[in-house]
Amino acid sequence: MSSPEQWTRPHPDGAPAATAGTPTAEQVIAGLRATSEGGAELVQLLTPEGERVHHPDFDIDITAEQLRGLYRDMVLVRRFDREGNALQRQGQLGIWVPLLGQEAAQIGAGRALTDRDMAFPSYREHGVAWCRGVKPTDLLGIFRGTDHGTWDPYEHRFQLYVIVIGNQVLNATGYAMGQRFEGKVGDQDGEATMVFFGDGATSQGDVHEGCVWAAVYDAPVVFFCQNNQWAISEPTERQSRLPLYQRARGYGFPGIRVDGNDVLATLAVSRWALDQCRTGNGPVLIEAFTYRMDAHTTSDDPTRYRLADELEAWKLKDPIERVRVHLVKQQWADQAFFDEVQAESDELAAGFREFCVNMPDPPPGRIFSEVYADEHPVLAAQRDEFLDYLHGFADASTGAQGGEH
């Protein structure tokens, strides 16, 4: 089991204990204030103004080429995300789940994963999918209602989207327990699992159960919570008396809060957490402190529960803009580079749109074909009855013999 000394690592000098059995009123107030402002323990390497800062426990060496790659990732992901929003508004998708504002959290974590690791998403991880080599067009069937996901989870090391809030945490924990039982942890060449969920999911029993099992079995799983401040219409402070990362201490493993709008900090913290898991030190909880700049989904109206000035304040912390400013300050990118990325993003969005608009409707029988690995006689009978029923309508439209059905 992980030692108690690891539970609060990293722990700034003079900071209070992560949790207390019965928190004082001052601790509760301080925790709520930290929940809304980020807190003193927030790990940050790139400020909203694009200034590079250093952290005593977490730092990262980044080349100009690598930072340009992270910038490109975020711009392209944001571009097809915005196109998904537009396609839903135009009736081409049943729903779309936007990630606007969370690009740094997802790209930083996604690029920290190795080819051996496994990722378990919820339904907003378009950026992680991009990092795992899943084509943006492969996401469209889920939101158009034609499939549940078309990529191979084991080829991409990225599981299918999960709509049930928090359920993927149990799945990921079970998978990570299997990694440990099979001896796939213990050194830098080991495997780890990373599971993604939002702040709202932390109120779900599945998340709690996953954390309990992961702690008991020292499962190599990183719980990556994207705290975007709003669980649909409920703010984080309505769900927790203390910052979410501090909940990890109650389970017996480390918790850490990172600036989720800082791609460098997220990358550094995610690499550290995954290394902890691969080398057999047990689970880690990362709270990526970020903000959902758009609606929860396209069926949500955020103007009914949050103020415009809150949104404007977070615009100043935009994850893409701070990287762009840093690239310019360091003279690591010129206008030609930014124009090239913009042109590439427009081309990606155009292909995304064309694919969506021209997606064929699946045949009616497809609803029966993917239920069981082998044909089931009862389901086969239901399929045949349903298809005969549909054929009766087709015969009626052509005036054929079955027209009276």
Judged by atom type as modelled, is there a donor-acceptor pair below 3.5 Å linking the side chain of [X] to the main-chain atoms of [Y]?
X      : Y      : value
Arg111 : Asp73  : no
Arg144 : Cys356 : yes
Tyr305 : Ile232 : yes
Glu209 : Asp206 : no
Asn227 : Asp199 : no
Arg306 : Leu311 : no
His156 : Asp152 : no
Glu155 : Pro153 : no
His55  : Val43  : no
Thr266 : Val263 : no

Judged by modelled atom types alone, do [X] and [Y] share a side-chain donor-acceptor pair under 3.5 Å?
X      : Y      : value
Glu354 : Asn358 : no
Thr297 : Asp300 : no
Gln229 : Arg292 : no
Gln159 : Asn171 : no
Gln102 : Thr290 : no

Spacing of [X] atom [atom1] and [Y] atom [atom2] [to the nearest 0.5 Å]:
X      : Y      : atom1 : atom2 : result
Gln382 : Leu387 : CD    : CG    : 11.5 Å
Ile286 : Trp272 : CD1   : CH2   : 7.5 Å
Trp332 : Ile62  : CH2   : CD1   : 7.5 Å
Gln342 : Glu344 : CD    : CD    : 10.5 Å
Asn228 : Leu100 : CG    : CG    : 11.0 Å
Leu70  : Leu267 : CG    : CG    : 6.5 Å

### Task
Test salt bridge (charged side-chain N to carboxylate O under 4.0 Å, His left out) on Arg82 and Asp294 and set out the steps.
CA-CA 10 Å; Arg82 296 296 81 204; Asp294 204 343; 2.9 Å; yes

Identify the heavy atoms of [X] and [Y] that sit nearest to each other, and give their distance.
X      : Y      : value
Ser270 : Ala112 : CB-CB, 3.6 Å
Pro364 : Leu390 : CB-CD1, 3.5 Å
Pro98  : Ala295 : CG-O, 3.1 Å
His326 : Gly50  : ND1-O, 3.0 Å
Gln179 : Glu191 : NE2-OE1, 3.0 Å
Gln44  : Asp259 : NE2-OD2, 2.6 Å

### Message
So, using side-chain contact (heavy atoms from CB on, under 4.5 Å) as the criterion, who are the partners of Arg353 when residues are at least two apart?
### Response
Glu83, Ala86, Leu87, Gln90, Val357

#### Entry: Which residues share a side-chain contact (heavy atoms from CB on, under 4.5 Å) with Thr63, sequence neighbours left out
Glu65, Gln66

### Task
Measure centre to centre between the rings of Tyr245 and Phe289, then say whether the value is under 6.0 Å.
no

Got [X] and [Y] here, is their nearest side-chain heavy-atom distance under 4.5 Å?
X      : Y      : result
Asp218 : Val185 : no
Phe253 : Cys211 : yes
Phe143 : Gln88  : no
Pro48  : Leu316 : no
Asp117 : Met194 : no
Thr279 : Gln188 : yes
Asp318 : Lys315 : no
Met359 : Leu93  : no

Classify the ring geometry between [X] and [Y] as parallel (under 30°), tilted (30 to 60°) or perpendicular (over 60°).
X      : Y      : result
His208 : Tyr251 : tilted
Tyr389 : Phe393 : perpendicular
Tyr217 : Phe181 : perpendicular

If you measure from the Lys or Arg side-chain nitrogens to the Asp or Glu carboxylate oxygens, is any gap between [X] and [Y] under 4.0 Å?
X      : Y      : answer
Asp59  : Arg52  : yes
Arg383 : Glu375 : yes
Asp115 : Arg157 : no
Arg257 : Glu287 : yes

### Query
Which residues pass the salt bridge (Lys or Arg N to Asp or Glu O under 4.0 Å) test with Glu340, sequence neighbours left out?
none

#### Entry: Atom CD1 of Ile367 with >12 non-hydrogen neighbours under 6.0 angstrom
no

### Message
So for atom CD, which belongs to Gln335, do other residues, nucleotides or ligands contribute more than 12 heavy atoms lying within a distance under 6.0 Å?
### Response
yes

### Message
Val77 vs Met74, test: side chain to side chain contact (heavy atoms under 4.5 Å, CB included). Steps then yes/no.
### Response
CA-CA 5 Å; Val77 167; Met74 291 192 291; 5.9 Å; no

### Task
Would you sort out whether Ser345 and Leu76 count as a side chain to side chain contact (heavy atoms under 4.5 Å, CB included), showing the intermediate values?
CA-CA 5 Å; Ser345 72; Leu76 296 184; 3.5 Å; yes

### Message
If the test is ring pair (Phe, Tyr, Trp, His ring centres under 6.0 Å), which one of Phe120, Phe224, Tyr161 qualifies with Phe196?
### Response
Phe224

### Message
Would Trp151 and Leu139 count as a side chain to side chain contact (heavy atoms under 4.5 Å, CB included) here? Give the steps.
### Response
CA-CA 9 Å; Trp151 63 90; Leu139 305 175; 3.7 Å; yes

### Message
Between Asp275 and Arg278, does the salt bridge (charged side-chain N to carboxylate O under 4.0 Å, His left out) criterion hold? Intermediate values first, please.
### Response
CA-CA 5 Å; Asp275 282 343; Arg278 294 189 196 102; 2.6 Å; yes

### Trp230 vs Glu310, side chain to side chain contact (heavy atoms under 4.5 Å, CB included): CA-CA, chis, key distance, verdict
CA-CA 12 Å; Trp230 289 95; Glu310 178 181 312; 2.8 Å; yes

